[in-house]
Amino acid sequence: MGKNISEWAKSIATKRVLRYINKDFDRNGVKVLNWLIRYDFGSSVKHEAQLVKDALADSDNNWSKLAKSLWTDIDDGQRLRLFENFVINGSMIGTPRQRRFSLKYGCNIPWAVLMDPTSACNLHCTGCWAADYGNRLNMTLAELDSIVQQATAMGTYFFIFSGGEPLVRKADIITLCERHPDCAFLSFTNGTLIDEAFADEMLRVKNFVPAISVEGFEKATDSRRGEGTYAKVVQAMELLKRKKLAFGVSCCYTSQNTADIGSDAYFDEMIRLGAKFMWLFTYIPVGKDAVPELLVTAEQREFMYHKLRAFRSTKAIFTMDFWNDGEYADGCIAGGRRYMHINANGDIEPCAFIHYSDSNIREKTLLQAYQSPLFMQYYNNQPFSDNMLRPCPLLDNNGKLAEMIDSCAAKSTDMQYPEDVHALCDKCKHVAECWQPVSEKLWNESNGPARWEQKKKHNAELQRKYEREAHTHTGKIRPTL
């Protein structure tokens, strides 16, 4: 699907802005942010641009340091390509298009698509569900390419690879980057397959960013991923930093490593190694080889809640906790509300941690999957709680996932050992019950209920605005040229 007139105008203006900002960030950075704030009519990045602008007013601010490091530490060409693909295509152009499709078809349209090129992996990590899929599943390059084409037509320009180990399919990933230079691609990876040749390919295509999985320092990482893994990870980071390539880290905090993950020393080391972002996940006991003992306690989750909010004022790295940051995303982001997952067998799942599906990419289009009974359960039930610190239908609202799966007869996607959803929920029941009073305390202490009521009113006003803008005088959805 081509761009409409408004989208073309944004693309042309963007190229001028990018050339302008690359000349002198200190002089032109704020001017470009003012441009984003002024011309982001869909309010896709306006709020974030204002926050960055405020931070840049103080040169000692950690956010100011992070922003400026993107000019000193990252290759000029990659920085320009990622800015255009994330900010302009992914948000200013993509988000309004997603809204038009959502209004027209009455379903969620995601900002990002997570997909597994392969179930194969060169490591065997404790508690990882990937092996439960089997190690011989793959989506073809043509299938991966079709997913990107279908998604961009609906406004999704951000694609994330998981697995298995996605870099087992290095050549196909680079080919996708080449075929879709207007998209941004990120990959969760154990980092051990990143070498000089692949780094050079990343530098050439410019729209691929790795998020390297690290479980803490050497002892914790090697105990879960195998001896010598941490040393290989550090070697990969040093290579990427030397090549001036953007990268981040992905951290799963468990009952065994939370103290390390949440320490000043760990954050400082990741920043020293060159990471620009950190995505944090808490352990979910999915699959037959899951280790429920790795689930964090309520006290450990509260520890991470406080530490991340403190570090955001002191550490020059962008962080996101996919459970404890529910208040910023208005709850659960799965089921296509912000993202969804396609496994290596082509099964379309609401979340990387929810291995149930009623659709397959080889039988349905993405749009048909977004309108499927399972995805509509998410659409009609989100958020799953009025406490945004309890976003998840599995980990935080016990029984809700089972209720949704039962209502639409979705099937387990684990081909070797199908997992009954009630058994999965039972593994999480205790931690959900323990987290509820702690999350209520935190939510009330942060004035969460009042903020949520205000946010709901704001969201309702935005929705009415989108509905007015999406219709012509005849009452039909405005077509895209």
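Note that the structure is a prediction, hence the values are computed from the model and not measured.
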**Study point:** salt bridge (charged side-chain N to carboxylate O under 4.0 Å, His left out) evaluation trace for D396 with R301
**Key:** CA-CA 12 Å; D396 302 324; R301 187 166 168 182; 2.7 Å; yes
Exercise for review: Please step through side chain to side chain contact (heavy atoms under 4.5 Å, CB included) for the pair M278 and C251, ending with a clear verdict.
Suggested key: CA-CA 7 Å; M278 182 183 294; C251 308; 3.9 Å; yes
Practice item. List the steps and the verdict of side chain to side chain contact (heavy atoms under 4.5 Å, CB included) for N62 and T314. Key: CA-CA 6 Å; N62 63 301; T314 59; 5.7 Å; no
Exercise for review: Mind running side chain to side chain contact (heavy atoms under 4.5 Å, CB included) on T192 and T229 for me, showing each step along the way?
Suggested key: CA-CA 7 Å; T192 61; T229 300; 4.3 Å; yes
Review point. When you look at I212 and F188, which way does the side chain to side chain contact (heavy atoms under 4.5 Å, CB included) test go after all the steps?
Key: CA-CA 6 Å; I212 301 175; F188 294 116; over 6 Å; no
**Study point:** Chi angles and distances behind the salt bridge (charged side-chain N to carboxylate O under 4.0 Å, His left out) call for K411, D347
**Key:** CA-CA 10 Å; K411 305 298 184 183; D347 298 311; over 6 Å; no
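Nearest heavy atoms, C392 versus L395: SG-N, 3.3 Å. Across every non-hydrogen atom of P117 and S162, the tightest pair is CD-O, 3.3 Å.
Applying the salt bridge (Lys or Arg N to Asp or Glu O under 4.0 Å) test to D426 and every residue at least two apart in sequence or in another chain returns nothing. A search for side-chain contact (heavy atoms from CB on, under 4.5 Å) contacts involving K65 returns A316, not counting sequence neighbours. With sequence neighbours excluded, the residues satisfying salt bridge (Lys or Arg N to Asp or Glu O under 4.0 Å) with R309 are D325, E327. For Y339, the ring-ring contact (aromatic ring centres under 6.0 Å, His included) test picks out no residue, with sequence neighbours left out. Applying the ring-ring contact (aromatic ring centres under 6.0 Å, His included) test to W323 and every residue at least two apart in sequence or in another chain returns F353. Looking at residues two or more places apart in sequence or on another chain, you find a ring-ring contact (aromatic ring centres under 6.0 Å, His included) between Y378 and F384. Residues passing the ring-ring contact (aromatic ring centres under 6.0 Å, His included) test with W111, sequence neighbours excluded: F158. Residues meeting the salt bridge (Lys or Arg N to Asp or Glu O under 4.0 Å) test with K456, sequence neighbours left out: E453. Legend: residues meeting side-chain contact (heavy atoms from CB on, under 4.5 Å) with H422, ordered by chain and number and at least two apart, are A402, D406, D420. A265 pairs by the side-chain contact (heavy atoms from CB on, under 4.5 Å) definition with F217, S263, not counting sequence neighbours.
For T258 (side chain) and T254 (main-chain N/O), a donor-acceptor pair under 3.5 Å exists by modelled atom type. Side chain of E419 to backbone of G287: a donor-acceptor contact under 3.5 angstrom is found. With hydrogens and angles disregarded, a donor-acceptor distance shorter than 3.5 Å links the side chain of S102 to the backbone of C107. Remark: the backbone N or O of F185 is not paired with any side-chain donor or acceptor of N207 at under 3.5 angstrom. In this structure a side-chain-to-backbone donor-acceptor pair under 3.5 Å is missing from Y283 to P292. The main-chain N or O of C252 is found under 3.5 Å from a side-chain atom of N257 such that the two form a donor-acceptor pair. Under the 3.5 Å distance criterion, the side-chain polar atoms of D260 are left unmatched by any main-chain donor or acceptor of G216. Between the T152 side chain and the Q149 main chain, a donor and an acceptor come within less than 3.5 Å of each other. A donor-acceptor pair under 3.5 Å is formed between the side chain of N85 and the backbone N or O of C183. Put simply, the side chain of S412 never gets that close to the backbone of Y356: no donor and acceptor are under 3.5 Å apart.
Side-chain contact between V87 and L82: absent, with no pair of heavy atoms (C-beta onward) separated by less than 4.5 Å. Residues F161 and M115 meet the side-chain proximity criterion, which asks for heavy atoms closer than 4.5 Å. When side chains are defined from C-beta on, E349 does not count as touching M340, because their heavy atoms never get closer than 4.5 Å. Between L186 and F208, every side-chain heavy-atom pair lies at or beyond the 4.5 Å cut-off. The shortest distance between side-chain heavy atoms of E293 and P285 does not fall below 4.5 Å. In this structure, the side chains of Y370 and F101 stay at 4.5 Å or more apart for every pair of heavy atoms. Taking the side chain as every heavy atom from C-beta outward, F267 and T319 approach each other to under 4.5 Å. Annotation: side chain of P383 is in contact with side chain of W452 (closest heavy-atom distance under 4.5 Å).
Checked by atom type, the side-chain pair Q436/N387 shows no donor-acceptor distance below 3.5 Å. Side-chain atoms of D116 and H341 form a donor-acceptor pair, as typed in the model, at a separation below 3.5 Å. Under 3.5 Å, the side chains of Q377 and S407 contain a donor-acceptor pair of N or O atoms. With no hydrogens or angles considered, no side-chain donor-acceptor pair links E165 and T118 at under 3.5 Å. Judged purely by distance below 3.5 Å, without hydrogens or angles, the side chains of S213 and N190 never pair a donor atom with an acceptor atom.
Separating the CD1 atom in I147 from the CD1 atom in I361 is a distance of 4.5 Å, to the nearest 0.5 Å. Note that NZ of K429 is 11.5 Å distant from SG of C434, once rounded to the nearest 0.5 Å. Separating the CD atom in Q98 from the CD1 atom in I93 is a distance of 11.5 Å, to the nearest 0.5 Å. Residue N89 holds its CG atom at 9.0 Å from CZ of R97, rounded to the nearest 0.5 Å. With rounding to the nearest 0.5 angstrom, the OG atom of S146 is 7.5 Å from the CG atom of L366. Between the OG atom of S372 and the CD1 atom of I348 there is a distance of 7.5 Å, given to the nearest 0.5 Å.
Using a 30° and 60° split on the angle between ring planes, F322 and F281 fall in the parallel class, below 30°.
Residue pairs satisfying the salt bridge (Lys or Arg N to Asp or Glu O under 4.0 Å) criterion with at least one member in residues 363-390, sequence neighbours excluded, are listed as follows: R390-E440. Applying the salt bridge (Lys or Arg N to Asp or Glu O under 4.0 Å) test to every pair with at least one member in residues 266-280, sequence neighbours left out, gives these pairs: D73-K276, D268-K315, E269-R272.
A salt bridge is absent between R100 and E467; no separation between the charged side-chain nitrogens and carboxylate oxygens falls under 4.0 Å. We find that D414 and K288 are not joined by a salt bridge, their nearest charged nitrogen and carboxylate oxygen being 4.0 Å or further apart.
More than 12 heavy atoms of other residues, nucleotides or ligands shown are found within 6.0 angstrom of NZ on K455.
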